[in-house]
Amino acid sequence: MNQLVPDLSPLIALPSLLSPVAAHIQPELTGLAEVPETHAWPTLHDRPYGVDDRVPVVDLALPDAVRLVGRACEEWGAFLLTGHGVPVELLRRIEEQGRRLFSLSAAHKLRAARCDGTSTGYGSAFISKFFSKQFWSEGFTVVGSPREDARKIWPDGHQDFCGAIEEYSRLMDDLARRLMHLMLLFLGLSDEEISWVGPLKAQHEAVPALQLNYYPRCPEPDRAMGLAEHTDSSLVTIIHQSSGVAGLQLLRDGDGGGAARWVAVAPITGALVVIVGDLFQVMSNGRFRSVVHRAVVDRTRARISVAYFCGPPAELKISPIGKLMGSGRGPAYRGVTWPEYLRLKKKLYNEALASLRLSAGKGGEKEKLEVYISS
Ligand SMILES: C=C1C[C@]23C[C@@]1(O)CC[C@H]2[C@@]12CCC[C@@](C)(C(=O)O1)[C@H]2[C@@H]3C(=O)O
Ligand SMILES: O=C(O)CCC(=O)C(=O)O
Ligand SMILES: [Fe+2]
C-alpha cells in the first residue's frame with residue numbers, strides 16, 4: 001500500500017488555541033444522547049467501504065505459516081492471527097482490567113493524566129492534537145513499567161492491573177519476536193542471518209509499550225471517530241480487541257490505482273490482530289508496508305482494544321537490511337532509532353515515515369544490517 005498521507009487540513013487544530021492539558025481531558029461520553037459538536041467529524045465517510053474484502057486469517061500452527069504471514073504482510077500490512085498460543089484466560093484478564101480502569105470516574109482516572117512532557121498514563125491518543133475534533137475514546141499508555149501510573153489510580157489496589165499488564169507484555173513480546181522471525185524468513189533471510197544478531201537483544205532490552213483504548217458506546221456512530229487514521233511507529237503491533245464488537249478498519253489500496261477503501265477487521269473471539277509498523281517498513285526497505293488504520297465506534301456496545309507495540313531497543317538504529325535491497329538498489333530510508341522516530345511521529349504525524357525517505361540515487365552506501373531479532 002502506498003504511504004497514504006491524509007489531507008488533514010479541514011481538521012487541523014490551531015495548537016495555540018488548545019491549552020496544554022485540555023487536549024487530554026475527555027468529557028464523560030458514556031450515556032450522552034447525541035454527539036456534541038466538539039466530537040462530530042465531518043470526514044468520517046470520505047472514502048468508500050470495501051464490503052467484499054476479507055482481512056487474511058493466519059493460523060500460526062500451520063506448517064506454511066511463513067508463507068501465510070509473509071503474503072499477508074505484503075498484500076495487507078496486517079492480518080488476524082489464530083493458533084498463537086496466548087491463553088484466552090490472559091486475554092480475558094487484560095480486558096477485565098481495562099474495563100476496571102475505564103469505568104472509574106473521570107476525576108479518578110485523571111490522577112494519572114498524561115501531561116505534556118510525559119508519554120504515559122491516562123488521556124487521548126497523542127495524535128488527537130492534530131485535529132480540531134476530539135476522539136470518541138479514552139486511552140491509557142504504558143511505556144516500561146505500569147506501576148507508577150497505576151499506583152496513582154489505585155494506591156493499594158494496583159497489583160491485579162500491573163500483574164495482568166506485565167504478563168501480557170511478556171507474552172506479546174515473545175509472540176512479536178516469533179512473528180518477526182517468520183516475516184524475515186519470508187523476505188529471504190536465513191535463520192543464521194536472523195539469529196547472528198541475537199546477542200544484541202540480550203545487551204539492550206526493548207522497552208514494552210502498550211496502549212489500552214476504550215471506545216464508549218455512541219448514540220450517533222456515523223458522526224464520531226474512535227481513533228483517527230494513522231500508522232503505528234512500531235516494528236509490529238499486536239492488538240487484542242473485545243470479541244464481537246467491530247471497530248478496527250484498515251485502509252486498503254484500490255486495485256489498479258482505484259480509490260482506497262476502508263475494510264473492517266472482524267472481531268473474532270481469541271484472534272489477535274497483527275499490524276506492520278513503520279519501522280518494519282524501513283527495515284524491509286519498503287517490501288512490507290505499514291498499514292493505515294483507524295477505529296470507529298458502536299451504537300450499543302463499548303469496545304476495548306489493547307495494543308502492544310514492539311519496537312527495537314532504544315540505542316539500536318533501524319536501517320534497511322542490505323540483503324533486501326537487491327543489486328543496484330540503495331536504501332530507501334535513512335536509519336533511525338525508536339525514540340528518534342517516536343519524536344518525529346509526534347511532530348509530523350503521518351508524514352514521519354516520508355521524512356526518512358532518501359531520494360533515488362542518494363544513500364547508495366548501504367548501512368550495515370541492523371536487526372536484533374533472535375531465533
Ligand atoms: C510506543 C508508542 C506508539 C504510540 C506512541 C507510543 O509511545 C505509545 C502510544 C502509541 C499510540 C497508540 C495510539 C495511536 C498512536 C499513533 C498514538 O497516538 O499513540 C500510537 C503511537 C505510535 O505508533 O506512534
Ligand atoms: O482500537 C483498535 O483496534 C486500534 C487501536 C490502535 O490502532 C492503536 O492503539 O494504535
Ligand atoms: Fe494503531
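In each ligand, atom 1 is the first atom listed, and ligand 1 is the first ligand listed. These numbers come from a predicted model, not from an experiment.
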Exercise. Is a side-chain donor or acceptor of Ser169 paired with a backbone partner of Ile165 at a separation under 3.5 angstrom?
Worked result: yes
Problem set entry | Donor on one side chain, acceptor on other, Gln97 and Arg92, under 3.5 Å | no
Problem set entry | Heavy-atom proximity to atom 3 (O) of ligand 2, best of Arg303, Gln241, His240 | Arg303
Problem set entry | Under-4.0 Å heavy-atom contact with ligand 1, by part of Thr141 that carries it | side chain
For this session: Would you mind listing which atoms of ligand 2 come within a distance below 4.0 Å of any non-hydrogen atom of Ala307?
Result: 9 (O)
For this session: With heavy atoms under 4.0 Å as the rule, classify the contact between Phe135 and ligand 1 as side chain, backbone, both or neither.
Result: neither
Problem set entry | Residue-ligand contact His230/ligand 2, heavy atom below 4.0 Å | yes
Exercise. For the salt bridge (charged side-chain N to carboxylate O under 4.0 Å, His left out) test, which of Lys347, Lys346, Lys345, Arg334 pairs with Glu340?
Worked result: Arg334
For this session: Evaluate the side chain to side chain donor-acceptor pair (under 3.5 Å) criterion for residues Ser137 and Asn213: first the C-alpha distance (whole Å), next the side-chain angles of each, then the deciding distance (0.1 Å), finally the verdict.
Result: CA-CA 7 Å; Ser137 62; Asn213 298 298; 5.9 Å; no
Seminar exercise, completed: If you scan protein heavy atoms around atom 9 (O) of ligand 2, the nearest is Asn213 ND2, 2.9 Å
Exercise. Can you tell me if Tyr349 has a non-hydrogen atom under 4.0 Å from ligand 1?
Worked result: no
Exercise. Parallel, tilted or perpendicular for Phe102 and Tyr214, by the 30°/60° rule?
Worked result: parallel
Seminar exercise, completed: atom 5 (C) of ligand 1 has as its nearest protein heavy atom Phe126 CE2, 3.6 Å
For this session: For Trp338, take its heavy atoms, then give the atoms of ligand 1 lying under 4.0 Å from any of them.
Result: 1 (C)
Problem set entry | Atom of His230 closest to the Fe ion (ligand 3), considering N, O or S atoms | NE2
Exercise. Would a distance-only check, ignoring hydrogens and angles, find a side-chain to backbone donor-acceptor pair under 3.5 Å from His108 to Ile153?
Worked result: yes
Exercise. In terms of residue, atom name and distance, what is the protein heavy atom nearest to atom 2 (C) of ligand 2?
Worked result: Ser305 OG, 3.3 Å
Problem set entry | Proximal atoms of ligand 1 relative to Lys345 (non-hydrogen, under 4.0 Å) | 24 (O)
For this session: Determine whether the side chain, the backbone, both or neither of Asp232 has a heavy atom under 4.0 Å from any heavy atom of ligand 2.
Result: side chain
Seminar exercise, completed: The closest protein heavy-atom partner of atom 13 (C) of ligand 1 is Ala125 CB, 4.0 Å
Seminar exercise, completed: Looking only at non-hydrogen atoms, the one of Ser233, Pro208, Ser124, Ala209 nearest atom 22 (C) of ligand 1 is Ser233
Exercise. Among protein heavy atoms, which sits nearest to atom 6 (C) of ligand 2, and what does the distance come to when rounded to 0.1 Å?
Worked result: Leu227 CD2, 3.6 Å
Exercise. Any idea which atoms of ligand 1 are less than 4.0 Å away from a heavy-atom of Asp232?
Worked result: 23 (O)
Exercise. Within a reach of under 6.0 Å around CZ of Arg217, are more than 12 heavy atoms found that belong to other residues, nucleotides or ligands?
Worked result: no
Exercise. Between Gln281 and Tyr333, does any side-chain donor sit less than 3.5 Å from a side-chain acceptor?
Worked result: yes
Problem set entry | salt_bridge(Asp174, Arg178) N-O dist < 4.0 Å | no
Problem set entry | Heavy-atom side-chain proximity of Asp278 to Leu356 below 4.5 angstrom | no
For this session: Determine which of the N, O or S atoms in His293 is closest to the Fe ion (ligand 3) and give its atom name.
Result: NE2
For this session: Check the angle between the aromatic planes of Tyr349 and Phe130 and answer parallel, tilted or perpendicular using the 30° and 60° thresholds.
Result: parallel
Exercise. Near Leu248, which atoms of ligand 2 are under 4.0 Å from a heavy atom of that residue?
Worked result: 3 (O), 4 (C)
Problem set entry | N, O or S atom within Asp232 nearest to the Fe ion (ligand 3), by name | OD1
For this session: Report the C-alpha distance between Asp298 and Arg303 in whole Å, list the side-chain angles of each, state the deciding distance to 0.1 Å, and finish with yes or no for salt bridge (charged side-chain N to carboxylate O under 4.0 Å, His left out).
Result: CA-CA 8 Å; Asp298 189 84; Arg303 173 171 177 269; over 6 Å; no
Problem set entry | His181 and Asp191 side chains, donor-acceptor separation under 3.5 Å | yes
For this session: Return the residue, atom name and 0.1 Å-rounded distance of the protein heavy atom closest to atom 6 (C) of ligand 1.
Result: Leu342 CD2, 4.3 Å
Seminar exercise, completed: Quick note on ligand 2: atoms under 4.0 Å from a heavy atom of Tyr215 include exactly 1 (O), 2 (C), 4 (C), 5 (C)
Exercise. Is a salt bridge present between Glu166 and Arg170, judged by a nitrogen-to-oxygen distance below 4.0 Å?
Worked result: no
Seminar exercise, completed: atom 14 (C) of ligand 1: closest protein heavy atom, distance to 0.1 Å, is His230 NE2, 3.6 Å
Problem set entry | Sub-4.0 Å heavy-atom approach of His293 to ligand 2 | yes
Seminar exercise, completed: re atom 12 (C) of ligand 1, the protein heavy-atom contact at minimum distance is Phe309 CZ, 3.5 Å
Exercise. ring-ring contact (aromatic ring centres under 6.0 Å, His included) with Phe280: which of Phe186, Phe309, Phe288, Trp338?
Worked result: Phe288
For this session: For Ile127, take its heavy atoms, then give the atoms of ligand 1 lying under 4.0 Å from any of them.
Result: 16 (C), 18 (O)
